[in-house]
Each structure stands twice: as structure tokens, then as C-alpha cells.
Protein chains: 2
Amino acid sequence: MLYLMGMGLRGARSLTLEEVDILKRSDSIFLEIYTSVIGENIQHDIEKLTGKSVSPVNRNDMEYSDIVTRKAHDSIVSLLVSGDPLMATTHNVLRIKCMDLGIKVSVLENASILNTAVGYSGLSPYKVAPPVSIPRVSDKFFPLSVYKKIAANFREKRHTVLLLDTGDGNPMTLREAMDVLFRMEEESSENIISESTLIICAIRVGFPDERYIMGSMGAIRELNIRDSPAIMILPSDMDENEREFTERFCDRISQ
Amino acid sequence: MLYLMGMGLRGARSLTLEEVDILKRSDSIFLEIYTSVIGENIQHDIEKLTGKSVSPVNRNDMEYSDIVTRKAHDSIVSLLVSGDPLMATTHNVLRIKCMDLGIKVSVLENASILNTAVGYSGLSPYKVAPPVSIPRVSDKFFPLSVYKKIAANFREKRHTVLLLDTGDGNPMTLREAMDVLFRMEEESSENIISESTLIICAIRVGFPDERYIMGSMGAIRELNIRDSPAIMILPSDMDENEREFTERFCDRISQ
């Protein structure tokens with residue numbers, strides 16, 4: 001039996017009562033550490049809470065070994081994933097793998113950074129396009145599809161949530177992400193992104209130093225914020241409610 | 001002080017540890033009962049869990065009276081909301097109202113039906129358009145904008161999540177919702193929706209009788225399922241992963 005569990009955004013504190021009950025009667029607890037940035041103390045906090053040892057698993061363990069499924073074959077296994085467990089395809093692949101092996105899977109949902117950042121910032125969830133990931137680019141890898149999606153969203157008056165490459169322990173900074181967008185603008189010249197484009201950044205959501213800032217890309221880039229995790233939202237046309245909400249809920253960065 | 005708390009999808013069991021701690025030291029606990037369908041025993045369960053009385057609040061209490069903010073002025077108040085607390089504009093309006101009155105607000109996020117239904121069904125969250133609400137229509141109120149949004153999503157190869165009118169205690173059934181779409185198709189004739197259109201329905205997510213079904217709109221309409229809450233997803237072009245996942249994770253309804 002495998003429990004695929006979302007941890008939400010606040011570590012052990014955002015586990016649900018049901019999740020804690022299941023963790024306490026699990027034979028093995030794994031903590032997935034490669035699809036998102038995990039707080040340093042989470043492993044320790046969950047061990048303290050449950051009285052059980054928690055084993056971190058990385059991409060190799062998950063995708064190329066059977067460490068999780070082997071245990072789940074004849075015992076109760078919980079796999080903890082930051083945020084919402086089904087955002088990453090890899091976890092649906094694991095569900096299928098378990099089904100093929102006759103292992104029962106139960107999914108426990110939890111809060112996702114996507115809804116949380118959008119709702120908290122004051123933007124309407126009814127106007128947000130599917131999220132777009134900003135990759136680390138190079139001369140050989142420069143996917144303009146990212147830029148094209150943002151451009152299409154602007155045309156349709158939809159906001160774009162931009163996820164930053166988590167880079168296996170070396171997450172992309174806001175400045176790096178903005179520089180990727182500026183380079184794409186240079187290549188494409190559709191004139192959708194400039195130093196004065198308004199952007200909202202949700203920084204370290206769920207951590208004690210969580211903050212939401214809003215301002216021009218130029219001004220926020222200059223702050224050179226290195227905190228992670230962080231996500232960016234490029235608002236398209238905001239309605240009156242959204243303008244009021246974002247002004248009140250986000251800290252204004254001015255040049 | 002106001003704590004605006006998401007309850008997630010499973011009643012008291014999906015409260016987080018942090019939420020339970022705060023509820024236990026709250027002076028008043030309110031339970032919002034009008035933006036979504038709430039399980040019958042939730043009020044009782046939370047009273048039992050916290051040892052405190054829980055007061056349901058309806059739309060009138062929230063939007064036209066100061067019942068919540070008056071208490072929050074000089075004591076600790078928690079307002080419980082099903083799912084994710086910031087999906088409904090009304091809760092951001094409440095945040096502003098509190099800020100204007102000098103009341104501190106803390107938001108505690110939780111799982112949203114939107115992410116959960118999409119992820120669980122096997123569709124990619126990276127291909128899902130903003131949700132669209134299906135209203136109860138009449139001769140005088142027949143908003144074709146709903147249909148236009150679906151049509152645009154199909155053109156852009158994005159899936160559409162359809163939220164059903166909760167109708168203040170009389171939630172719309174799947175059949176009613178499909179009939180609204182069929183009527184819109186008749187009026188618009190863009191040939192995007194027919195009896196054979198594939199649809200995914202997430203029924204009573206978070207309840208013990210939760211299920212995900214997939215089939216033609218005609219076949220599912222015939223089942224005349226009356227359970228609520230329910231949401232529908234109209235998949236656009238699915239990729240290979242999504243086809244495999246949905247086939248495995250949803251029950252196939254055939255004609």
C-alpha cells in the first residue's frame with residue numbers, strides 16, 4: 001500500500017490530521033526531495049512528530065530504482081511530496097507503476113503553491129493561464145515556446161504564472177529568470193516584456209519570511225533577491241478588484 | 001485577528017496541524033457554508049475536535065453584516081472555508097475590510113478541488129485553462145460567454161474545468177450542467193459539444209464515495225447522477241501520458 005501525500009507549503013505544520021494518522025501507522029516514510037525546494041528541518045520535524053525515521057529520496061531513487069515500490073509491495077509506505085502531490089508527472093507515473101504491480105495507491109491532496117500564490121496576491125484564479133516553467137537556457141537550449149505562451153496569454157488577457165527551474169539544489173533566482181525573459185524578448189521582439197513590465201513575485205511562500213512583492217521587472221531585478229523558492233506572476237489586464245487587491249496584498253517596489 | 005482557513009476537501013480530517021492549533025486557541029469559530037457544498041457532519045466534527053462551538057455563516061452574514069469582523073476586532077476569530085480559502089472573491093473582499101478596520105488577517109491555504117480533480121484524473125495541470133462556471137440559465141439569462149470560453153480552450157488545446165452552480169443548497173446536477181452546454185451548442189453551432197464529446201466527471205471528491213468517471217457526454221448524462229459536489233472537465237487534445245493516465249485513473253463509462 002502506498003500513500004502519496006502532499007505536505008502543503010509549511011512543512012510538518014501543514015500536514016493534515018489524516019496524513020499524520022497514516023504516517024504514524026506507516027512502516028516506511030519517504031520524503032521526495034527533487035521536484036521542489038524543501039525546508040531544511042522538514043525531515044527532522046516529521047521524524048519528531050511521528051517517532052519514525054524518514055528517508056529522503058532523489059530523482060534516481062524514484063525513477064530508476066524500485067526502492068519505494070519494493071517496500072510498498074508488502075507493507076504500508078508513505079511518500080511525502082512538497083505542496084500538491086500530483087503537479088509533477090513523475091508521481092502519476094508512480095501511480096501507474098504501483099497499479100501494474102498490484103499495489104494499492106491512495107492520494108492525499110494538499111495545498112499547491114500555484115493556487116496559493118495567485119489567490120494571496122489578489123489576482124483572480126479565473127483569469128490565470130496554465131503555469132509556464134522557465135528553464136535554464138544556453139546557446140544550445142533556448143526554448144522560445146516559453147515566450148510564445150506568455151505572449152498568447154497577454155493577448156487573451158490571462159495572467160501567467162512562471163515557475164523557476166529548481167535545478168537540483170541550485171534553484172534559479174528571480175534575476176536569472178527575468179534575464180531569461182529579457183533575452184527571449186530580444187530574440188522575438190514582440191514587445192511584451194521590458195524593464196517596466198509589472199510583475200508579482202511570491203517569495204518563500206509558507207516560510208516565516210514569506211513575502212509578496214509587486215513592481216516593474218527592472219526595479220525588482222535590481223533588488224537581486226536570492227531567496228528560494230520563489231515564483232513570478234506576469235499579470236495581464238487586471239480588473240478593478242484585482243488592481244485594488246494586488247495593491248493592498250503585495251508590497252510595492254518602486255524604482 | 002482573523003484567521004482565514006481552508007479546510008481542504010475532507011472535512012475535519014483535512015485540517016492541518018497548524019489550523020487545529022489555531023482553532024483551539026480561537027475565541028470564535030465560524031464556518032462558511034455558501035461558496036461550496038459542505039459535508040453534513042463537518043460542524044459537529046470540528047466542535048468535537050476543538051471542544052468549541054462552531055457557528056455557520058451564510059452569504060448574508062458575510063456580505064451584509066459585520067458578524068465576523070466585529071468579533072475579530074478584539075478577539076481571535078477563525079473563519080473556516082471549504083477547500084482553498086482564496087478561490088472566491090468574497091474572501092479577498094473580507095481581507096480588505098479587515099485591513100481597513102485595523103484587523104490583522106492570516107491566510108492558511110489548503111487543497112483546492114481544482115488542482116486535485118485535474119491531477120487525480122490524470123490530466124496535466126500544465127494544459128488546464130482557467131475554470132469556467134456553468135450557471136443556471138433561463139430565457140432571460142443565457143450567457144454564451146461560457147461556451148465561447150470552452151471553444152477558445154479547444155482551439156488552444158487546453159482542457160476546461162467546469163464548475164457547477166452550487167445554488168445555495170440546491171446544487172446543479174451533472175445532467176443539468178450538460179443540458180446547459182447542449183443548449184449553448186444549439187444556439188452557437190460551433191460544433192464543439194455533442195453527445196459523443198469526451199468528458200471527465202469528478203464526483204464527491206474528498207467524500208468516502210468519491211469517484212472519477214470518463215465517457216461520452218451522452219452516456220454519462222443518461223446515468224442521471226445526482227450526487228454533489230461534482231465538477232466536470234472537458235479534455236482537449238490529450239498527449240500520450242494523459243491518455244494512459246486518464247484511462248487508468250478514471251472509470252470508463254461506455255454507452
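Letters A, B, ... mirror the listed sequences (proteins, then strands); counts begin at 1. Everything quoted here is computed from the prediction, not taken from an experiment.
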Name the region of [X], side chain, backbone, both or neither, that has any atom closer than 4.5 Å to a heavy atom of chain A.
{"X": "V20(B)", "value": "side chain"}
{"X": "D84(B)", "value": "side chain"}
{"X": "V93(B)", "value": "both"}

Quick check: closest heavy atoms across S14(A) and T16(B), and the distance to 0.1 Å?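 Heavy atoms only, the tightest pair is O-CG2, 3.5 Å.
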Does one side chain, of N115(A) or N115(B), offer a donor that lies under 3.5 Å from an acceptor on the other?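 There is such a pair (donor and acceptor under 3.5 Å, judged by atom type) between the side chains of N115(A) and N115(B).
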Quick check for you: to the nearest 0.5 Å, what is the distance between L17(A) atom CG and R13(B) atom CZ?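 Between L17(A) CG and R13(B) CZ, I get 10.0 Å after rounding to 0.5 Å.
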If I take atom OG from residue S112(A) and atom CG from residue N110(B), how far apart are they, to the nearest 0.5 angstrom?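 Separation between the atoms: 11.5 Å.
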If you count heavy-atom pairs under 4.5 Å between each of L108(A), V107(A), V132(A) and chain B, which one has the most?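 The residue among L108(A), V107(A), V132(A) with the greatest pair count is V107(A).
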Among R158(A), K127(A), H91(A), who wins on heavy-atom pairs under 4.5 Å with chain B?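 Ranked by heavy-atom pairs under 4.5 Å with chain B, first place is R158(A).
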Greatest number of heavy atom pairs closer than 4.5 Å to chain A - which of [options]:
{"options": "S124(B), S133(B), P130(B), P125(B)", "value": "P130(B)"}
{"options": "V118(B), V205(B), I96(B)", "value": "I96(B)"}
{"options": "L9(B), T116(B), N92(B)", "value": "N92(B)"}

Test side chain to side chain contact (heavy atoms under 4.5 Å, CB included) applied to Y120(A) and E109(B), step by step: CA-CA 9 Å; Y120(A) 195 92; E109(B) 67 283 343; over 6 Å; no
As a quick check of understanding, evaluate side chain to side chain contact (heavy atoms under 4.5 Å, CB included) for M87(B) and Y126(A), giving each step before the final call. CA-CA 9 Å; M87(B) 265 304 292; Y126(A) 292 90; 3.6 Å; yes
Which answer fits A12(A), side chain, backbone, both or neither, if we ask what part of it has an atom under 4.5 Å from a heavy atom of chain B?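 Backbone of A12(A) only, per the 4.5 Å heavy-atom cut-off to chain B.
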Quick check on D100(A) against chain B: is it the side chain, the backbone, both or neither that has a heavy atom closer than 4.5 Å?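 For D100(A), backbone and side chain are both near chain B.
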Report the C-alpha distance between R10(A) and E19(B) in whole Å, list the side-chain angles of each, state the deciding distance to 0.1 Å, and finish with yes or no for salt bridge (charged side-chain N to carboxylate O under 4.0 Å, His left out). CA-CA 11 Å; R10(A) 294 162 196 260; E19(B) 289 178 325; over 6 Å; no
Pairing of K149(B) and E156(A) as salt bridge, 4.0 angstrom limit: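 Salt bridge between K149(B) and E156(A), a charged N being under 4.0 Å from a carboxylate O: no.
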Evaluate the side chain to side chain contact (heavy atoms under 4.5 Å, CB included) criterion for residues T89(B) and N241(A): first the C-alpha distance (whole Å), next the side-chain angles of each, then the deciding distance (0.1 Å), finally the verdict. CA-CA 9 Å; T89(B) 309; N241(A) 265 337; 3.7 Å; yes
Are R95(B) and F245(A) in a cation-pi contact, defined as NZ or CZ under 6.0 Å from the six-membered ring centre and within 45° of the axis?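 R95(B) over F245(A) ring: no.
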